[in-house]
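Report on the structure given below.
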Amino acid sequence: MDCEEAVAKAIEAANAAGEILRDMLDRAEVWEKSTNDLVTEADLAAQQVIESILMNQFPEYAFLGEESSSPIGPASSTWQWVGEPLDGTTNYAHGLRSFCVSIALMHHRKPVVGVILDPMSDERFYAIAGRGAFLANAR
C-alpha cells in the first residue's frame with residue numbers, strides 16, 4: 001500500500017467535497033436525523049463524491065461515511081476509508097464558515113492516513129503514520 005497515493009486520492013476527494021460544500025453553503029436543505037443532530041443535503045452530496053472517488057481508486061477497500069448506515073465494499077477488507085463529509089454541520093446549517101472535510105484510512109482499525117480540508121480557507125492538513133503531520137507540504 002502506497003501511503004502517498006492514498007493521501008493524494010484523499011486530498012482529491014476532500015477537494016471535490018469541499019467544492020460541493022462551498023457551492024451549497026447558505027442554500028442547502030437542513031433536517032434533523034435525531035434531536036440536536038442535523039444533516040444537510042450538502043452532507044449527503046459531499047459524502048457521495050468522497051465515496052465515489054475513493055472506491056473507484058481502491059475498490060478492494062471498505063468505506064464508512066458518517067451519513068451511511070453501514071460500511072460499503074468488501075466486509076473482509078483490512079483497509080477501510082472513514083469519511084466525515086461535513087465536520088461542523090451545525091455551523092454550516094447556520095451559515096457559519098467554520099467547518100471541514102475529514103477523511104482517514106484505517107488498516108486493521110488503526111489510522112495510517114488522515115486528511116482534513118477547511119474549504120473556506122483552502123487549508124489542507126494531512127498525516128501519515130510514522131511520518132508526521134503537514135499543512136500543505138510544510139511539516
Hey, any chance [X] and [Y] share a hydrophobic cluster, counting ILVMFWY side chains that come within less than 4.5 Å of each other, even indirectly?
X	Y	result
I11	W79	yes
V113	F125	no
L25	I20	yes

> With E84, which residues qualify under salt bridge (Lys or Arg N to Asp or Glu O under 4.0 Å), at least two apart?
Replying inline: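 Scan of E84 (salt bridge (Lys or Arg N to Asp or Glu O under 4.0 Å), adjacent residues dropped) gives none.
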Side-chain atoms of residues 40-49: list all donor-acceptor pairs with protein atoms under 3.5 Å, sequence neighbours left out, distances to 0.1 Å.
| residue | atom | partner | partner atom | Å |
| --- | --- | --- | --- | --- |
| T40 | OG1 | A42 | N | 3.1 |
| T40 | OG1 | D43 | N | 3.1 |
| T40 | OG1 | D43 | OD1 | 2.8 |
| E41 | OE2 | E29 | N | 2.8 |
| D43 | OD1 | T40 | N | 2.7 |
| D43 | OD2 | T89 | OG1 | 3.1 |
| Q47 | OE1 | E66 | N | 3.3 |
| Q47 | OE1 | E67 | N | 2.9 |
| Q47 | NE2 | S68 | OG | 2.7 |

Heavy-atom distance under 4.5 Å between the side chains of [X] and [Y], does that happen here?
X	Y	value
V82	F63	no
E4	R131	yes
I103	L54	yes
F99	D87	no

Specify the closest pair of heavy atoms between [X] and [Y], including all atoms of both residues, with the distance to one decimal.
X	Y	value
V112	H107	CG1-CB, 4.0 Å
I53	A13	CD1-CA, 3.8 Å
A136	Y126	O-CE2, 2.9 Å
I128	C3	CG2-CB, 3.8 Å
V101	G18	CG2-N, 4.1 Å
V7	V115	O-CG2, 4.3 Å

Listed by chain and number, what are the side-chain hydrogen bond (donor to acceptor under 3.5 Å, both in side chains) partners of [X], not counting sequence neighbours?
X	result
D122	R124
E19	none
Q80	none

> Can you check whether L135's main-chain N or O pairs, donor with acceptor, with R139's side chain at less than 3.5 Å?
Replying inline: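 The answer is no, because no donor-acceptor pair under 3.5 Å joins these two groups.
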> Does the Y92 side chain pair with the main chain of L21, one donor and one acceptor, at a distance under 3.5 Å?
Replying inline: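 Answer holds: yes.
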>> I'd like to know whether I116 forms a side chain to side chain contact (heavy atoms under 4.5 Å, CB included) with C100, so could you lay out the CA-CA distance, the side-chain angles of the two residues, the decisive distance to 0.1 Å, and finally the verdict.
In response: CA-CA 7 Å; I116 297 176; C100 64; 3.8 Å; yes
> Hey, what else clusters with L96 if you join Ile, Leu, Val, Met, Phe, Trp, Tyr whenever side-chain heavy atoms sit under 4.5 Å?
Replying inline: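 None; L96 is a cluster of one.
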> Does F58 have its ring centroid less than 6.0 Å away from the ring centroid of W81?
Replying inline: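 Here the rings of W81 and F58 have centres that are less than 6.0 Å from each other.
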>> Do the side chains of R97 and D26 get close enough for a salt bridge, i.e. N-O under 4.0 angstrom?
In response: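 Salt bridge between R97 and D26, a charged N being under 4.0 Å from a carboxylate O: yes.
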>> I need the M106 CE to T78 OG1 distance, nearest 0.5 Å.
In response: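 Between M106 CE and T78 OG1, I get 12.0 Å after rounding to 0.5 Å.
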> From S98 OG over to D118 CG, what is the distance, rounded to the nearest 0.5 angstrom?
Replying inline: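 If I round to the nearest 0.5 Å, the distance is 7.0 Å.
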> Does any donor atom in the side chain of E12 or Q57 lie under 3.5 Å from an acceptor atom in the other side chain?
Replying inline: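 No, because no side-chain N or O of E12 sits under 3.5 Å from a partner of the opposite role on Q57.
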